[in-house]
Amino acid sequence: MAPTIHLVRHAQGVHNLSVENESIRDPDLTTLGSSQCADLRTAFPYHDLVTRLVASPLRRTLATCVAAFGHDSLYPIVALDVLQEVSDSPCDTGSSTQRLLDEFGGRVDLARVSDGWTEKGAGSVFEPTLEKIAERARESRTALRALAGSGDDHVVVVSHGGMLHFLTDDWQGIPNGRATGWDNCEYRSYQFADPSGADDEAALVETEESWRRRKLSTKPPSPTEQRELRAVMQDRVAPYLKIKA
């Protein structure tokens, strides 16, 4: 018995339409994004097994979680500030907790969202440097392990294209000129590499079913291959993710 973590990238946001729109703080989903949520809700095969919903506190991730997975029995969604997107651009900077409460009410639990979660400048734990993002990813995984417990529960986690690469340490499939290999509303399924909970990194491994569903013909890369790929890909995508040296 081991928990399964279904990681999801949010639906299309207004900021995804153009570089200029990245200046919009914490933007809404687009009309297409809403349709993507509806399609994901229909296609996702594990609704009956899901016991908990978790999301980044940005509005687009919470809205995706509500639209694609929301149900009275699964509320409130646990918001984790460490799951927020990596850059300090306005589009990747969140809203006040009061605004989130006004919009989502009792459907979201903000107890794990710190007062300074929207501060991403120098010295902040949310500053967009490789070291701090990697630490956030580790904290996210350990938090998810605690939330999932030791049973066979299924947990849905909605985050962001950049953050998901750090969270999974999977750097395959990122096209040239893009910041992520995850499509909007794409989901992939993972389990913890060490189900005993002794792994300080709380590393995640994609399930065989998820790997096959993505129609990947090759075997999953080994940990050594992933480390080698990480160094190359982080250097390549850093400008697109606005990661500081």
Undergrad: Are Gln12 and Leu17 packed together at the side-chain level, in the sense that at least one heavy-atom pair is separated by less than 4.5 angstrom?
TA: yes
Undergrad: Between Thr4 and Gln191, do the side chains contain a donor N or O and an acceptor N or O under 3.5 Å apart?
TA: yes
Undergrad: Leu40, Leu53: one ILVMFWY side-chain cluster at the under-4.5 Å cut-off?
TA: yes
Undergrad: Are Asp92 and Val86 side-chain neighbours, meaning at least one heavy-atom pair lies under 4.5 Å?
TA: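 With C-beta onward as the side chain, the pair stays apart.
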Undergrad: Any donor and acceptor pair, going by atom type alone, linking the side chain of Asp199 with main-chain N or O of Asp194 inside 3.5 Å?
TA: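 No: the side chain of Asp199 does not pair with the backbone of Asp194.
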Undergrad: Any chance you could measure Asp170, atom CG, to Trp182, atom CH2, to the nearest 0.5 Å?
TA: 8.0 Å
Undergrad: Look only at the side chain of Ser159 and the backbone of Leu83, and say whether a donor-acceptor pair between them is shorter than 3.5 Å.
TA: yes
Undergrad: If you take all heavy atoms of Pro27 and Cys91, which pair is closest and at what distance?
TA: CD-O, 3.5 Å
Undergrad: What are the two closest heavy atoms between Ser114 and Phe126, and how far apart are they?
TA: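 Looks like OG-CE1, 4.0 Å.
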Undergrad: With side-chain contact (heavy atoms from CB on, under 4.5 Å) as the criterion, how do Met163 and Ser56 come out once you've worked through the C-alpha distance, each side chain's angles and the decisive distance to 0.1 Å?
TA: CA-CA 10 Å; Met163 189 62 189; Ser56 152; over 6 Å; no
Undergrad: Could you tell me whether a side-chain N or O of Asn16 sits under 3.5 Å from a main-chain N or O of Gly13, the two making a donor and an acceptor?
TA: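 Looks like yes, one N/O pair under 3.5 Å.
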Undergrad: Going hydrophobic residue to hydrophobic residue with side-chain gaps under 4.5 angstrom, can you get from Leu32 over to Val8?
TA: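 The answer is no; the residues belong to distinct hydrophobic clusters.
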Undergrad: Nearest 0.5 Å, please: how far is CG in Asp39 from OG in Ser34?
TA: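 These two atoms lie 11.0 Å from each other.
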Undergrad: Might you work through the side-chain contact (heavy atoms from CB on, under 4.5 Å) test for Arg230 and His165, ending with a clear yes or no?
TA: CA-CA 9 Å; Arg230 177 203 305 157; His165 285 291; over 6 Å; no
Undergrad: If you look only at distance, which donor and acceptor atoms sit under 3.5 Å apart when one is on a side chain in residues 71-79 and the other is two or more places apart or in another chain?
TA:
from: His71; atom 1: ND1; to: Ser73; atom 2: N; distance (Å): 3.0
from: His71; atom 1: ND1; to: Ser73; atom 2: OG; distance (Å): 2.8

Undergrad: After noting the C-alpha distance and the side-chain angles of Lys242 and Glu22, does the key distance pass the salt bridge (charged side-chain N to carboxylate O under 4.0 Å, His left out) rule?
TA: CA-CA 12 Å; Lys242 300 178 177 63; Glu22 293 177 7; 3.0 Å; yes
Undergrad: Is there side-chain contact between Arg136 and Val125, with heavy atoms separated by less than 4.5 Å?
TA: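 When only atoms from C-beta onward are counted, Val125 and Arg136 do not touch, as no gap falls below 4.5 Å.
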Undergrad: Would you please indicate yes or no on a ring centroid separation below 6.0 angstrom for His15 and His160?
TA: no
Undergrad: Show the nearest heavy-atom pair for residues Ile174 and Ala179, with the distance to one decimal.
TA: CG2-C, 4.2 Å
Undergrad: Determine whether the aromatic ring centres of residues Phe69 and His6 are separated by less than 6.0 angstrom.
TA: no
Undergrad: Hey, what do you get for OG (Ser18) to CD (Glu20), rounding to the nearest 0.5 Å?
TA: 4.5 Å
Undergrad: For residues Ser124 and Glu119, is any side-chain donor paired with an opposing acceptor at under 3.5 Å?
TA: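 Checked: Ser124/Glu119 side chains show no N/O donor-acceptor pair below 3.5 Å.
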Undergrad: Output, in order, the C-alpha distance, side-chain angles, deciding distance and verdict of side-chain contact (heavy atoms from CB on, under 4.5 Å) for Glu85 and Arg60.
TA: CA-CA 11 Å; Glu85 185 58 297; Arg60 60 186 180 270; 4.2 Å; yes
Undergrad: If you count every heavy atom of other residues, nucleotides or ligands that lies below 6.0 Å from Tyr240 atom OH, does the total exceed 12?
TA: no
Undergrad: Is Phe44 close to Val50 at the side-chain level, that is, under 4.5 Å between some pair of heavy atoms?
TA: yes
Undergrad: Any heavy-atom pair between the side chains of Leu229 and Gln172 that's under 4.5 Å?
TA: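 The answer is yes, as the side chains (C-beta and beyond) meet within the 4.5 Å cut-off.
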Undergrad: Spell out, as yes or no, whether a donor-acceptor pair under 3.5 Å connects the side chain of Arg213 to the backbone of Tyr187.
TA: yes
Undergrad: Transitively linked via ILVMFWY side-chain contacts under 4.5 Å: Val157 with Ile133?
TA: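 No; Ile133 is not reachable from Val157 via cluster members.
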Undergrad: Mind running salt bridge (charged side-chain N to carboxylate O under 4.0 Å, His left out) on Lys132 and Asp88 for me, showing each step along the way?
TA: CA-CA 13 Å; Lys132 290 183 177 180; Asp88 58 1; over 6 Å; no
Undergrad: Can you tell me how far the OG1 atom of Thr118 sits from the CG atom of Asp26, to the nearest 0.5 Å?
TA: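 Going from OG1 on Thr118 over to CG on Asp26, the span is 10.0 Å.
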Undergrad: For the atom pair CG (Leu241) and CZ (Arg236), what is the distance rounded to the nearest 0.5 Å?
TA: 11.5 Å
Undergrad: Do Val82 and Val155 land in one hydrophobic cluster if side-chain heavy atoms of ILVMFWY residues count as linked below 4.5 Å?
TA: yes
Undergrad: Show me, pair by pair, the donor-acceptor contacts under 3.5 angstrom made by side chains of residues 106-113, not counting sequence neighbours?
TA:
from: Arg107; atom 1: NE; to: Phe104; atom 2: O; distance (Å): 3.3
from: Arg107; atom 1: NH2; to: Glu103; atom 2: O; distance (Å): 3.2
from: Asp109; atom 1: OD1; to: Ala111; atom 2: N; distance (Å): 3.0

Undergrad: Taking atom types as modelled, find out whether Arg188 and Thr168 have a side-chain donor-acceptor pair closer than 3.5 angstrom.
TA: no
Undergrad: Does one hydrophobic cluster hold both Val237 and Leu167, with members joined at side-chain heavy-atom distances below 4.5 Å?
TA: no
Undergrad: Would you list the pairs meeting side-chain hydrogen bond (donor to acceptor under 3.5 Å, both in side chains) in which at least one residue belongs to residues 137-151, sequence neighbours left out?
TA: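 The answer is Glu135-Arg138, Arg141-Glu201.
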Undergrad: Inspect the surroundings of CG in Asp115 and state if more than 12 heavy atoms from other residues, nucleotides or ligands are less than 6.0 Å away.
TA: no
Undergrad: Step through it carefully: locate the ring centre of Phe166, locate the ring centre of Trp171, and say whether they are under 6.0 Å apart.
TA: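 Yes, the ring of Phe166 comes within the 6.0 Å limit of the ring of Trp171, centre to centre.
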Undergrad: Got Val205 and Phe192 here, is their nearest side-chain heavy-atom distance under 4.5 Å?
TA: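 When only atoms from C-beta onward are counted, Phe192 and Val205 do not touch, as no gap falls below 4.5 Å.
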Undergrad: Arg41 side chain to Ala67 main-chain N or O, any donor-acceptor pair under 3.5 Å?
TA: yes
Undergrad: Look up atom NZ in Lys120 and atom NZ in Lys244, then write down how far apart they are to the nearest 0.5 Å.
TA: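 One finds 10.5 Å between NZ of Lys120 and NZ of Lys244.
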Undergrad: To check you understand the geometry: which heavy-atom pair defines the closest contact between Asn184 and Gln36, and what is its length?
TA: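 It is CB-OE1, 3.5 Å.
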Undergrad: Between Leu58 and Gln84, which heavy-atom pair has the shortest distance, and what is it?
TA: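 Answer, listing the atom of Leu58 first, then Gln84: CD1-CB, 3.5 Å.
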Undergrad: Might you point out which heavy atoms bring Gly181 and Pro175 nearest each other, and give the distance in Å?
TA: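 For Gly181 versus Pro175, the nearest heavy atoms are CA-CD, 4.2 Å.
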Undergrad: Any heavy-atom pair between the side chains of Leu164 and Thr180 that's under 4.5 Å?
TA: no
Undergrad: Any donor and acceptor pair, going by atom type alone, linking the side chain of Thr64 with main-chain N or O of Ala11 inside 3.5 Å?
TA: yes
Undergrad: Do Leu62 and Leu100 have side chains that get closer than 4.5 Å, going by heavy atoms?
TA: yes
